[in-house]
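Below you'll find the structure, written out as structure tokens, and then a few comments.
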Amino acid sequence: MLPALPNPFYYLDNFRVLLNWISARYADLLLPAELAFVDGFARLPHASQALLVRMVMRKGEWFRAGKLNYAEIGDTRAAAQPLLAAGWISADPLLTLAEVAPLLTRAEVLSQLPPQASTARLAKDALVAAWADIAPEAQSFSQWYPPDTLYQLDLRPLCDRLRLMFFGNLRQDLSEFVLAELGVYRYEKVDIPAEARVFRSRADVDHYLYLHDCRSRFEDGAPCEEIAALLTNLQLDNPWLEERRGRVLYALGQQFERQAAWDDAARMYALSIDPSARVRTVRVLERQGRHAEALHAAHALLNHHDCDEVSVQQLHRMLPRLQRATGAPIIRKSRKAAVERIDLCLPQPPAPLTVEHAVVAHLHCDDAPVMYVENTLINALFGLLCWPALFAPIAGAFFHPFHFTPADLASPHFRQRRQALFDAALAQLESGQYVETIRQRFIEKAGIQSGFVAWSVIDQTRLDLALDCLPAAHLRLWFERMLCDITTNRSGFPDLVQFWPSERRYRMIEVKGPGDRLQDNQTRWLNYCLDHGMPMAVCYVTWA
DNA sequence: ACTTTACGCG
DNA sequence: TTCACACGATCTA
DNA sequence: GATCGTGTGTCTCGCGTAAAGTCA
Ligand SMILES: [Mn+2]
Ligand SMILES: [Mn+2]
């Protein structure tokens, strides 16, 4: 049980912090009307401020007075009056039946229908359908349901904008404040300059919101052509936003592919700067039967010097097919790295246990314990050793108190911007100091949110075993590869690690159940590790 | 009377 | 808005 | 067997409550 907060208006305090943060850093990016809100909010009566924040933190834009019951606010209708006068909420909006139905319970819907024995037992959907036959298309809430009053929150777009400018994303919200205060989340303390802000221009904020809206509409099933038109001529000079645009375009391309709209898909991929879009361009040509063009495009990409590892892997897999289809000589690059293979026939464990657990149970013994850790072990060791580099107050990396990774983690310059800090961290692997550093940091930083440390998975025992059995040279190789492309290379590690503490050695085991195959990122890590002489194995399981 | 799900909450 | 697995379709050896 | 595409479950803080559906 969490301790209660002493201040019943804690959420209002948090909102004020956000507003002050915004007005201190972003006054030049706000319109006069938006500044007027920030200003005017502070002059509202206390209870009205609180009520507005309660609505902002809840879902939707419509709120029934009867459902806004807060002891610390008191009379809801009285608190709402100043908000109505300011025009930040409106009363008794016009609604369609489809809009009003979710606001009413089944019993309330029934109460507004003429009493008929035939309707009394119907499900809510059926009651609403019956209501549609006798009700107008749209009417005010008080006409739909006289017993209660409805308010409409008109500030959602502005509050989303402020939330975005504060967090730099729309995934986080005001609950971060209270969760941090309660200690549910603990965040690393990073010095944030008084002027630090993630957006440099209002246009960038507008564009982020625009792209987010495009993505939402796409996910809600809007026609691809419609979203495509919204993105096609969008000019962005901010690389971060252009990447976000590229990801939406890529998703659109995939959807067009599902519809076999090859030309549209190719158009989306051509507009996208996402590297995977270039590979899909080749695949679309192939699916169109344009094999010679596809082969040519594949070679063009492969010959380009900055073709990334993922694309190279995917293109190489396409080459034999394209070469066969075009009659070109088939060049097979069948360099199959020899990896130890373990074949097991095991009884299928009952849910929720998985094939990985079955293999753990089979291979585990007291002097050679096995852990099911996937990416979490190496990521945690990396995150602990490189903690000062990851949380270094680099300009632009941290701009609010609730980061669990630096904002520029995916940037190609990520490592270079922290070169000295990463060099120092990795140098500890040469000196042997890393063991003590990681142990100490595990204690010192325990529980603090980090994108690399899953605290619930890593305990002292596992950490000690890992530090005893994993050679520093191998840690160095893993970390170096991760740093080449952190977002790509932080996943794909094998499922299991087995340790022999008495011999100070280990092996990694990727488990494959029936029907499962090595995935691309697993193959890349496997090949890298084998190339460097690391002990790897793949365990294929069939059910007894 | 029971389960499932969505939401609000600190 | 991540990551990994499950599974079916299709084609090739 | 290899490859590709698609769907699913797991993450997201954990708890209490209301609402709706399911079943007898
Ligand atoms: Mn796995
Ligand atoms: Mn596996």
Side-chain angles (χ1 to χ4, degrees), chain A residues 1-11 13-14 53-60 63 67-72 101-110 121-128 169-186 212 215-216 219 244 247-248 251 254-255 257-258 260 279-280 283 286-287 313-314 316-322 324-325 330 332 334 336 351-352 354-356 372 374-376 379 404-405 447 449 451 454-457 487-488 490-495 510-523 540-541:
Chain A
M1 195 59 187
L2 294 165
L5 296 175
N7 177 5
F9 290 99
Y10 71 91
Y11 54 92
D13 283 355
N14 295 338
V53 176
R54 282 293 192 186
M55 287 194 269
V56 168
M57 293 181 72
R58 281 171 60 163
K59 201 191 161 190
F63 302 92
K67 302 282 185 184
L68 293 167
N69 300 312
Y70 297 100
E72 79 280 4
L103 303 174
L104 302 173
T105 68
R106 200 199 80 103
E108 289 166 340
V109 172
L110 190 59
R121 294 171 161 277
L122 294 177
K124 185 181 178 185
D125 287 351
L127 288 180
V128 172
N169 64 66
L170 289 170
R171 279 171 284 114
Q172 292 174 285
D173 58 36
L174 274 178
S175 70
E176 296 284 344
F177 286 84
V178 68
L179 292 175
E181 194 168 351
L182 290 169
V184 173
Y185 294 141
R186 292 173 52 217
H212 186 265
R215 162 69 78 168
S216 304
E219 283 169 357
R244 296 188 66 83
R247 284 198 288 275
V248 183
Q254 293 206 295
Q255 186 58 31
E257 279 200 77
R258 281 181 212 109
V279 177
R280 292 313 301 177
R283 180 75 180 115
E286 183 187 17
R287 297 180 91 176
Q313 183 182 27
Q314 292 172 341
H316 269 130
R317 201 163 45 217
M318 294 185 197
L319 278 183
R321 255 191 348 258
L322 295 173
R324 191 179 312 111
I330 297 173
R332 283 207 169 275
S334 59
K336 283 231 164 178
T354 64
V355 62
E356 292 86 357
Y372 177 24
E374 280 180 339
N375 308 314
T376 58
N379 275 329
F404 58 92
T405 49
Q449 296 293 122
W455 294 103
S456 60
V457 180
T487 45
T488 304
R490 58 188 294 177
S491 62
F493 289 98
D495 295 312
E510 171 55 35
V511 176
K512 287 299 161 196
D516 189 14
R517 297 291 148 141
L518 285 174
Q519 299 177 38
D520 285 0
N521 58 352
Q522 295 171 336
T523 304
Y540 293 94
V541 178

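Note on naming: letters A, B, ... go to the chains in the order of the sequence lines (proteins, then strands), and numbering restarts at 1 for each one.
The nearest whole Å value for the distance from the CZ atom in A:Arg317 to the C1' atom in C:dC11 is 15 Å. Look at CG on A:Leu182: it is 12 Å from C1' on D:dG14, rounded to the nearest Å. For the pair A:Leu518 CG and D:dC4 P, the computed distance is 15 Å after rounding to whole Å. In this structure, the CG atom of A:Leu170 is 16 Å from the C1' atom of D:dT12, given to the nearest Å. A straight line from CZ of A:Arg283 to C1' of C:dT10 spans 11 Å, rounded to a whole angstrom. Across the protein-nucleic acid pair, A:Leu322 atom CG and D:dT3 atom C1' stand 13 Å apart, rounded to whole Å. Computed from coordinates, the A:Met318 CE to C:dC11 C1' distance equals 16 Å when rounded to whole Å.
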Could you write out each protein N or O paired with an N or O of nucleotides 18-24 of chain D at a distance under 3.5 Å?
residue: D:dA19; atom: OP1; partner: A:Lys67; partner atom: NZ; Å: 3.3
residue: D:dA20; atom: OP1; partner: A:Arg106; partner atom: N; Å: 3.2
residue: D:dA20; atom: OP1; partner: A:Lys124; partner atom: NZ; Å: 3.0
residue: D:dA20; atom: OP2; partner: A:Arg106; partner atom: N; Å: 3.0

At a cut-off of 3.5 Å, list every protein nitrogen or oxygen paired with a nitrogen or oxygen from nucleotides 1-5 of chain C, distance to 0.1 Å.
residue: C:dC3; atom: O3'; partner: A:Asn375; partner atom: ND2; Å: 3.3
residue: C:dA4; atom: OP1; partner: A:Asn375; partner atom: OD1; Å: 3.2
residue: C:dA4; atom: OP1; partner: A:Asn375; partner atom: ND2; Å: 2.7
residue: C:dA4; atom: OP1; partner: A:Gly492; partner atom: N; Å: 3.1
residue: C:dA4; atom: OP2; partner: A:Asn521; partner atom: ND2; Å: 2.7
residue: C:dC5; atom: OP1; partner: A:Asp495; partner atom: OD1; Å: 3.2
residue: C:dC5; atom: OP1; partner: A:Asp495; partner atom: OD2; Å: 3.4
residue: C:dC5; atom: OP1; partner: A:Glu510; partner atom: OE2; Å: 3.3
residue: C:dC5; atom: OP2; partner: A:Lys512; partner atom: NZ; Å: 3.2
residue: C:dC5; atom: OP2; partner: A:Gln519; partner atom: NE2; Å: 2.8
residue: C:dC5; atom: OP2; partner: A:Gln522; partner atom: NE2; Å: 3.0

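Taking atom P in both D:dT8 and B:dA6, the straight-line distance is 16 Å, to the nearest Å. Comparing the P positions of D:dT10 and B:dT5 gives an interatomic distance of 12 Å, to the nearest angstrom. Spacing between D:dC4 and C:dA13 at atom P, rounded to whole Å, works out to 14 Å. Between D:dG9 and C:dT1, the distance separating the two C1' atoms is 14 Å to the nearest Å. Comparing D:dC11 with D:dC15, their P atoms sit 14 Å apart, to the nearest whole Å.
Distance alone, capped at 3.5 Å, is enough to place a donor-acceptor pair between the A:Asn375 side chain and the A:Phe493 backbone. For A:Asp520 (side chain) and A:Gln314 (main-chain N/O), no donor-acceptor pair under 3.5 Å exists by modelled atom type. Counting only distance, with no hydrogens or angles, the side chain of A:Lys512 and the backbone of A:Arg517 share a donor-acceptor pair below 3.5 Å.
Within the shown strands, C:dC7 is the pairing partner of D:dG5 under the Watson-Crick or G-U definition, both distances less than 3.5 Å.
Considering only heavy atoms from C-beta on, A:Glu72 comes within 4.5 Å of A:Arg54 through its side chain.
Heavy-atom minimum distance, A:Leu104 versus A:Lys124: O-NZ, 2.6 Å.
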Would you check, one step at a time, whether the test side chain to side chain contact (heavy atoms under 4.5 Å, CB included) holds for A:Leu182 with A:Leu5?
-> CA-CA 8 Å; A:Leu182 290 169; A:Leu5 296 175; 3.7 Å; yes
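No hydrogens or angles considered: a donor-acceptor pair under 3.5 Å links the side chains of A:Gln255 and A:Arg258.
Note: A:Glu510 CD to A:Asp516 CG = 7.0 Å, rounded to the nearest 0.5 Å.
Applying the salt bridge (Lys or Arg N to Asp or Glu O under 4.0 Å) test to A:Arg283 and every residue at least two apart in sequence or in another chain returns A:Glu286.
Of the options A:Val511, A:Thr354, A:Val457, a side chain to side chain contact (heavy atoms under 4.5 Å, CB included) to A:Tyr372 is made by A:Thr354 and by none of the others.
Along DNA chain D, the nucleotide nearest to A:Arg258 and the one nearest to A:Leu179 differ in position, and the one closer to the 5' end is contacted by A:Arg258.
Distances from the side chain of A:Tyr10 to the nucleotides C:dT12, B:dC9, D:dT6 place B:dC9 closest.
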